[in-house]
Every structure is written in structure tokens, then in C-alpha cells.
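To find a chain, count down the sequence lines: A is the first, B the second, and so on, and within it residues start at 1.
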Amino acid sequence: MSRHLQRDMDRMHREILSLGAAVEDMIEKATAALCERSNSLAEEVVASDTSIDQQEVHIEEECLKLLALHQPVAVDLRRIAAVLKINNDLERIADLAVNVAERARSINGYQDFPIPDEMRTMANMAVRMVRNALDAFVHLDAESARTVLRMDSDVDALNVEVIELLSRIMQSTPAQVPPAMHCFSASRHIERIGDHATNIAEDVVYLVEGEIVRHQRLEPRNG
Amino acid sequence: MRFSSLFAKTLLASSLMAGAAVAGVATWCGWRATQTAWNAEQQRLTDVAAGLAELWRQTSPAAQPQDLNETLRRFAERTQVEAAWLDYEGNILAWSSHRELPAANIRFRPEVQHATRSAEPGSDLRRDPATGAWMLYVALAAQRPDAEPGLVRVGRTADALIAGLRREYARSAAVSVAAWLIITFGLWCSLRRLLRPLTPLTESARSLAAGQDGLALLLDHRGDEFSRLGEALNELRAGRLNRSDQLREKSGLLLSVLRNMLEGVLAVDADETVLLANDASGRMLAFSAADAVGRPLLEVTRCRPLLATVQQAFASGRPTRGEFEATADGRRTISVRAAALAGDPRQGVMIVMHDVTDLRRLENLRKEFVANVSHELKTPLASIKAYAETLRLGAIHDAEHCLGFIERIEEQAERLHQLILDLLQLARVEAGKEVFDFRDVSLDHLARECLEQFAPAAAARTTSLEIAPEGPPLLVHADEEGLRTILQNLIDNALKYTPPGGRVRVFWRREGGHAVISVQDTGIGIATRDLARIFERFFRVDKARSREMGGTGLGLSIVKHLAQALGGDVAVESQEGVGSTFRVKIPLAARSATADAAERQ
């Protein structure tokens, strides 16, 4: 009985990792499409969304089947719960990546619109957050998951900076308002990606320590 | 464990057996001695009884019981027994003791019964119920000549005898225990000596089994089975050490080959668990090769295209190729070949990865170049065709404009010519076929020539063009034509991109064994992101403006290749809106700059 459970758990692990790898690839491409002004990358991102959705549904079904058939307890139960939530977050990140790609496509119509450098930094940071959160999940490393939680405030700060910068551009050159609006919305999407990465990191902490750290203030790291 | 359980078991068994033997012998001897002692005592009492019977025979039948008692008492005192005369029914006729008779009739006592039934003397050992002492009784048939048959019975206390026997028993038990202890100690010593080599043998065998090198056994050459076993173990160990050394050497060699491969190598088993990963694969896919082994491929690499290729190779059993972009340190294009490992069922998949980023970039460059060349050649041709067609359709009769059209045609033809000349020159320089005539060239002289050539153009654009050498005049070792082309192209470019009223300066200085010639302008400058590409063929920062100015897009590319062919290099520094500085490094002539100055004088 427990061997069947172990086998199904392994398959679930593999599938969630596969989804994670695909989503990582998508946000990577979406941010590259934005920063390098590449339409073809943006198209690729938009095209891959359907398969992500199917995978998400499939993984959710697998998880529910595991719960119903094996009635797992303790760490197995926590793992399935964590996978269910990470699955959800990954799907949302994929949707956000598609949104960013669509914004990138729109901005590419305005070749003379300068994309702020902070935007690149922020996009890279969000990508790194997702990657580190998934790394923490793979290695069951609560400490690195907490590092991801700390990174979120940096992304938020950058988002505020980008938005201020964009509003200055819109005030000074009204012609740049449409691309700046696209950029504005892309920036918010990227910020949301960071939030979902935070959710994943919180799920990892729950999985490892069995403690739900959502809605808790992070104690400052001193010593 | 100091002593093996074998030692304990053997010692226990043999000691028990020795104990049993000693106890058996002692018991038998004791039993024999007891029998002998009893028999002797019985014999003595029988003799006394016989004496009493004799006395009985001599007494007159008419004697009074008091006399009989008196006679009996005297006899008893003499022989230290308890004596009685009985009739044949067991009634006591006379009694030697002062104490009360135990019973009037003692016919049921075992010794009496025995004596009455057989003619033999009967004897019995029992505790006297009155005194509690052990008594040995003997009864004997006796007859006075004239009277009925009767019995005599004598009894004597056996307490002393029993106590003596007990002492004997205790003594012999002590001796037996001592003998058993001595035997056991002897067994302990000899067993320990016999089994002592077993402990190191076991330890050595165990460490060998655990995969450690083990220690060589120190053998005493006793020649018994243990030392032969020890020799065999030592040989086994030496053989194994030898083999493991060879294996270690071989695997070390293979590992270092694998580790130093530029290609990433990965092997996974049928469950997609990593069996092997070299450092290059870790670098390509950004994972740590050291702790990849034993984990699922997807978990380690997080790369789906790679997994897809692996699965395809595993399913089909044929080598499979794939290509994907990895995001480890920038986007790299990785080409991957996967082949199923031999075996039925398939054991796993072997993956070899190449970094083909540079290859793909070069391919793109080539494609772009072909497209660019075609485009550059087509543009002037299209103009020529259009003007010729216009002329044919009637403009040739328009005396006012036809000359203008023909001039345009000439202009475009000249541009085409220039483009083809540039292409040819570039091709020659690149292929290393351009024959250079290396000699000592005076920079001062050459620069002034170029300046004179461009003076009218500069004047027309109201741009100041000047030479400002730093330090003494320099001689360089170069091909004069080549160097002139470099300078011409750089000055031409500088003038083109400097707005009217600007300034172009040419200056040089000595830097080690090289002269560094700089052409500095106050032009529009080049954006940082384009700096790396401006030496590419047909790369133009602003396509429209460049063509408008009659550039072919090949000038800077020619400068770069020429500078490299002359043993130098070219670099650029620029800031948008401020200006650009191109620096060409050319080797100095062997003769010093001062010699050059002397020559000129």
C-alpha cells in the first residue's frame, strides 16, 4: 500500500517540477521579450499558456486522487497540500507571464519608448524569486525559502520606483502615455509574480516545518 | 568483544565434562570406602554377637533374670555394646542397658526378622527413637544346649563412624573441587592460547568485508590452521589492494577526462535519476554537479526540453538530437544528443551537450551578411534602373533634366563601384591575401597628406580639422597604403558624423612598442549598446542617415581588419551627443622616433 503511495507521490513530485520548469521558462522569456523587445519570444510565451493550464488541472486531479485513495497523514499530507497550492500559484504566474508578454508586444510598437533600467532589475529579481522558491521546494530548504520572502519587499520597492518614473514620463511627454501605460501594467504584473513566488516560499516553509507563516510579519534578520 | 563466544562455549563444555568426571570418580571411591567401612563394622559387631552367643550357650538355663542381666551388663561394658538376649519369638529375656526397654518384644525389627528367617546374622542401621543416635544392630541365632533356640542382639552407636565418613566425604569433595579448578584453569590457558589468533583474523576479515583496506596480520609461523588462514587473508588483502589501486587509477583517469571535457555529459537511469554528471554539464545548466547524482533529472536541471529529449531517446532507443536555450549565465543555446544505454530492458540514457551559442551567432551573422549585401547592392541598382527607365520613357529628350538623370546614374554606379571595391578589399584582408609592403612609415607625414586631402571637405562643412601630435614624431612599421586607408576611413567617418562647426582632431602618442593614433570628433556619438557592433559589416547605427551620406557600411569593418592585419588593433570610446574617439594601435618601427627626426633634418 505504502509503496503505491510512494510511487504516486514521486510522480506528483516529478509533474509539479515539470510545471515549475515550464513556468520558469515562460517568465524568463516574457521578461526577455519585454527587455529585449522581441515579439517572437512574446508569441512563444502566449502560445505555451494552454499546455500549462492543462498541466495544472492534471496535477490537481492527481493530488485529489492521492488524497482520496491513500488518505495520507503527516508529512505526506503536508506535501500534497503544498503541491496543491504551489500548483495553483504556478498557474497564476504563468498567466501573469502571458500578460507581461502581451504588454511587451504592445510596447514593441513604440520603438522610441525607453524601458526603465529598474524594470529590468525588477524583472530579473522576480525571475530569481520564482527560481529560488522552486529550488527551496526541491531541496526542502526552509532557510532559502525565507530568503525569498525577504526579497519580495525589494521587488515592491522597485515597482514603486518604476511607477513614479513612468508617471514623470507621462507628465513630460504626453506622446509616450500609451507605451508608458503598458509598461505600468507590465510592472504591476511582475510585482504580482513576485507575490506568487512568496506564496510558494511560504508553502515550502509549511511543508518543511509544518508551520503556516502566511500573514506573519517577518522578523528582521539580526544575527 | 575480547573473548569469542567460541572460547566461552568450549571452555564451559570441557570444564563441565571434567567436573562430571571428577565428581563421578570421587563418588565411586567414596561409595567403595563407605561400603568397606560398614562391612568392617558389621563384621566386628557380628564377632561380638558371636561372642555373646557363646556366652549365652555357657549360661545355665536356670540362671535368674537378674543374673543374666548382670552377666550381660558386664559383657556389654567390656565390649561397649548394647546387648540383649531374646527368645525365638523376639521377647527380650535379658537387657544390658539401664534404660527402659524400648519394647518387650522386638521380633519385627529387621535384623531380628532376618536372623530368625535365615541362619545368617541380620543387621540393620537405624536411628534409635529414644536417643536419636544412629545405631547399628546385629542379631544372631544362638542356642543353649538344653533350651529352646534363642537370639542374641547387639547394637552399637554408629555416630562416630558416620561423623568420620562425613569428614572423609568433605575432604574428598574439597580435593575434587580443587582438581576441577586446576583442570579448568589449564583448559582456560590452553584454549586462550589456541583461539588468540582468531580475534585479529576476524577483525581483519571484517574490515576487508566492510571495504576498508584492513591491516596486514602479524603471523606467528606456528603452521596450524589459523596461521594458514591468516596467510590466506593477507594474500586476499594484498590482491584486493592491488586491484582497488588499479581501479582507482583507472576511474581517476576516466573522471579527469570526463571532468575536463568541454561537452556536458549526463547519464540517467530508467527512472530519470542522475547517475553521472560532469562539471561542464553543471556549468551549462547551472546546477552543482557534485550533488546531482541520485536525484531526478528534472529536479536537478529543471529543464523540460532536456527531459523531453531524454524521454524520446529512451522511448525510441535511437540517438535523439535536440536544442534548447538554457538560462544559466545569459541565454545560451545548448545542443543536446541523447542515446539510450545498451541493455534489454534499456538501462538509461546518456546525454551529451554542446554549447552552440557562438555557432548559432555566427550562422546568424552570415545570414544577415548575405541579406545585407544583397540589399546594399540592390539599392543603387534600383535607382539606376529607375533613372534609365525614366530616360527611355522620354526624359532623354528633356534637355533640361536628362543630364541630371545621367549624373544620378553615374553617382549610383560610382556608389556600386565603391561598394564592390570595399567588399573586395575586405575579403582580401580577411582572407590574408592582401600583400602588404611593410616598411617604416612616418606618421607625421602620412597624417598631413590625409589632412590635405580632406581639407576641402572639412572647409565645406565648416568643421575644423587639425593635427595635434603629443610628443616627438613617430615612425611606425606598417604598409603605407593600408595605414592610409585606415586614417582616411576614420577621418571620413569623423567628418560625416560631426555637425557643422564641430572639430576633428588627429593625434598620436607612444605607448610601449606601439603608436596609438586617435581620431577624435565632437560628433553625435554612438549609443553604448551599439558600441560592440559598429565594427560589424553593414552595421549602421542609423541606417537612413548613413546611406544618405554615401557610406557603404563597410568602412569601420575594413579599418578593424586592416589594423589587425598590420599587427595592431582598434578601439572606440564614445558618448552620445559629445563625440567619439577611435584609437588605432600600430607597432612602432625598429628605428627610434628621434632617428626619424634626424632624417627629416
### Message
For A21(A) versus L298(B), what's the shortest heavy-atom pair and its separation?
### Response
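It is CB-CD1, 4.5 Å.
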#### Entry: Interface moiety of E24(A) toward chain B, non-hydrogen atoms closer than 4.5 Å
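Just the side chain, heavy atoms under 4.5 Å.
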### Message
Measuring only between side-chain heavy atoms, which start at C-beta, is R295(B) closer than 4.5 Å to H139(A)?
### Response
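With C-beta onward as the side chain, the pair touches.
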#### Entry: Any side-chain heavy-atom pair of D25(A) and E325(B) under 4.5 Å
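Result no, sub-4.5 Å side-chain heavy-atom pair not found.
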### Task
Considering only heavy atoms, give the residues of residues 7-16 of chain A separated from chain B by less than 4.5 Å, sorted numerically, with 'none' for an empty result.
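Answer by number: H13(A), R14(A).
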Check the surroundings of atom [atom1] in [X]: do more than 12 heavy atoms from other residues, nucleotides or ligands lie under 6.0 Å from it?
X       : atom1 : value
R188(A) : CZ    : no
E363(B) : CD    : yes
R360(B) : CZ    : yes

### Task
Quick one: pull up CZ in R304(B) and CG in L17(A) and give me the separation to the nearest 0.5 Å.
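Separation between the atoms: 11.0 Å.
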